[in-house]
Amino acid sequence: MENFNFYAPTEFVFGKDRENEVGSYIKKYGGSKVLIHYGGGSAVKSGLIEKVKKSLDSAGIAFCELGGVKPNPRDTLVYKGIELCRSEGVDFILAVGGGSVIDSTKAIAAGVPYDGDFWDFYGKKAQVEAALPLAVIVTIAAAGSEGSRSSVITKEDGMLKRGIGYEILRPKFSIMDPALTQTLPAYQTACGCTDIMAHVFERYFTNTTEVEITDRLCEAVLLTIVKEAPRVMADPDNYDARANIMWAGMVAHNNICGVGRQQDWNSHALEHELSGLYDVAHGAGLAVIMPAWMEYVYKHNVMRFCQMAVRVFGCQMNFENPGATALEGIRRFRSFLHSIGMPINFAELGAREEDIPVLVEKLGIGEGKLGGFMELDRNDVTGIYRLAAHSEV
């Protein structure tokens with residue numbers, strides 16, 4: 001295990017109707033003028049935004065609002081949010097929604113005190129050194145952004161999807177009411193479960209040895225999703241199953257499962273180009289990319305894939321042919337994703353094989369390589385995309 005620091009100061013407020021307490025928590029963390037940031041009409045139609053406003057009014061906290069966040073959140077709305085916060089004297093931002101809303105909120109929070117273009121952070125031209133405090137009311141279990149340091153934004157000019165990660169962007173508190181996820185369409189729920197698994201796998205596939213504790217934490221989260229996702233698909237109102245999934249989503253991405261070990265993140269890098277180009281759901285893109293990545297790289301450390309196959313998907317270990325065990329585990333993973341309604345190839349996702357050169361070019365690795373579990377050059381990336389284009393259950 002490698003040396004590490006782990007600092008995750010977010011306060012998690014978990015359970016039914018806890019969103020009604022948001023005003024008191026913002027007051028606790030020093031907010032006096034709040035931007036309520038949310039996505040489409042569902043947060044309004046459900047009455048959630050009205051609940052938030054009522055709680056803020058009761059706490060004597062002023063507010064303004066900005067809706068309109070799309071999946072794969074855009075830089076154009078971030079710019080509007082930055083200007084609104086400055087003109088209104090906002091000192092605290094509240095995200096009401098899922099990962100896209102939270103990521104947009106983090107970008108606005110970083111951009112308000114910065115003199116330049118906030119995209120400098122995502123283009124790796126500047127570091128985030130100051131940010132407005134922010135908090136979250138989660139409405140979908142998926143990204144884990146409610147407990148993470150991460151934010152991913154899409155630049156509309158060129159549809160470039162890029163991410164950052166800074167401790168200063170962790171939410172001050174996150175309100176997590178599993179009941180708020182019960183009205184989600186099945187497809188969105190499945191995308192969320194896929195994203196959770198992907199966040200774990202990006203940490204699980206490592207070249208670091210002697211990491212049994214985090215291996216077991218990773219496997220616990222994966223087994224939870226394998227059990228609970230089908231239960232939610234069968235019964236969308238199953239609060240207990242949704243509660244387990246919601247907490248799994250946070251644990252998957254606040255990095256408690258990833259400390260002390262090298263991580264990969266190449267599947268996310270490859271998927272970002274898919275969702276950037278086609279504007280597809282992130283989880284759906286990961287369902288197509290991650291099993292293909294596994295098939296391409298499993299020989300790099302076949303026994304780690306065997307461990308996944310045996311511990312997570314219940315495969316029998318074939319000691320005479322470990323590769324067969326590894327491939328069976330990958331097959332079961334893909335079959336699981338298919339069983340909860342996820343696409344498994346380009347055609348089902350709405351992507352086109354003829355665009356693979358465009359995807360590779362947008363990745364921007366040139367003649368270099370992507371680091372991680374196994375280093376990938378342009379030929380490797382092309383090979384993974386081609387496997388993803390033709391995957392079958």
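Just so it is clear, the values below take in all heavy atoms, side chains as well, and ignore hydrogens, waters and symmetry mates. Sequence positions, counted from 1, serve as the residue numbers for this chain.
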- Spell out, as yes or no, whether a donor-acceptor pair under 3.5 Å connects the side chain of Ser55 to the backbone of Gly23. yes

Quiz item: According to the interplanar angle, ranging from 0 to 90°, do the rings of Phe373 and His300 count as parallel (below 30°), tilted (30 to 60°) or perpendicular (above 60°)?
Solution: perpendicular

- prompt: Would Glu271 and Ser267 satisfy side chain to side chain donor-acceptor pair (under 3.5 Å), going step by step from the backbone distance to the final call?
  reply: CA-CA 6 Å; Glu271 192 290 323; Ser267 291; over 6 Å; no

Establish, yes or no, whether a centroid distance under 6.0 Å links the rings of Trp119 and Tyr122.
yes

Exercise for review: Could you tell me how the ring of Trp247 sits relative to the ring of Phe14: parallel (under 30°), tilted (30 to 60°) or perpendicular (over 60°)?
Suggested key: perpendicular

>> Check this for me: Phe6, atom CZ, are more than 12 non-hydrogen atoms of other residues, nucleotides or ligands nearer than 6.0 Å?
In response: yes

### Query
Relative to the ring of Phe313, is the ring of Phe333 parallel (under 30°), tilted (30 to 60°) or perpendicular (over 60°)?
tilted

- Item | Exam field: side chain Thr10 to backbone Pro171, donor-acceptor pair closer than 3.5 Å | yes

Test side-chain hydrogen bond (donor to acceptor under 3.5 Å, both in side chains), reference Thr208, set Gln263, Gln262, Arg261, Glu2, output is Glu2

Next on the checklist: I'd like to know if Asp215 pairs up with Arg304 as an ion pair, taking the criterion as any Lys NZ or Arg NE/NH1/NH2 lying under 4.0 Å from an Asp or Glu carboxylate oxygen.
Outcome noted: yes

Worksheet item: Looking at Trp293 versus Phe201, is the centre-to-centre ring distance below 6.0 Å?
Response: no

Across all chains, not counting sequence neighbours, the side chain to side chain contact (heavy atoms under 4.5 Å, CB included) partners of Glu328 are Cys315, Arg331, Arg332

Check: residues 31-44 side-chain donor-acceptor pairs under 3.5 Å, at least two apart:
residue: Ser32; atom: OG; partner: Asp91; partner atom: OD2; Å: 2.4
residue: Lys33; atom: NZ; partner: Glu88; partner atom: O; Å: 3.1
residue: Lys33; atom: NZ; partner: Glu88; partner atom: OE1; Å: 3.1
residue: His37; atom: ND1; partner: Leu66; partner atom: O; Å: 2.9
residue: His37; atom: NE2; partner: Ser104; partner atom: OG; Å: 2.9
residue: Tyr38; atom: OH; partner: Glu65; partner atom: OE1; Å: 2.8

(Q) Could you check whether Arg170 pairs with Glu167 (Lys NZ or Arg NE/NH1/NH2 to Asp/Glu carboxylate O, under 4.0 Å)? (A) yes

Under a 4.0 Å threshold between the charged nitrogen and the carboxylate oxygen, would Lys172 count as salt-bridged to Glu11? no

- Message: Could you check whether any side-chain N or O of Arg74 sits under 3.5 Å from a backbone N or O of Asn72, counting only pairs where one atom can act as donor and the other as acceptor?
- Response: yes

ask   = Take atom NZ in Lys124; do more than 12 heavy atoms of anything else shown fall under 6.0 Å from it?
value = yes

Gln316, CD atom: more than 12 neighbouring heavy atoms under 6.0 Å
no

Practice task
Please state whether the rings of His199 and His268 are parallel, tilted or perpendicular, taking 30° and 60° as the class boundaries.
Solution key: parallel

| Between Arg242 (side chain) and Pro236 (backbone), is there a donor-acceptor pair under 3.5 Å? | yes

message: Around atom CD of Glu210, are there more than 12 heavy atoms from other residues, nucleotides or ligands closer than 6.0 Å?
response: no

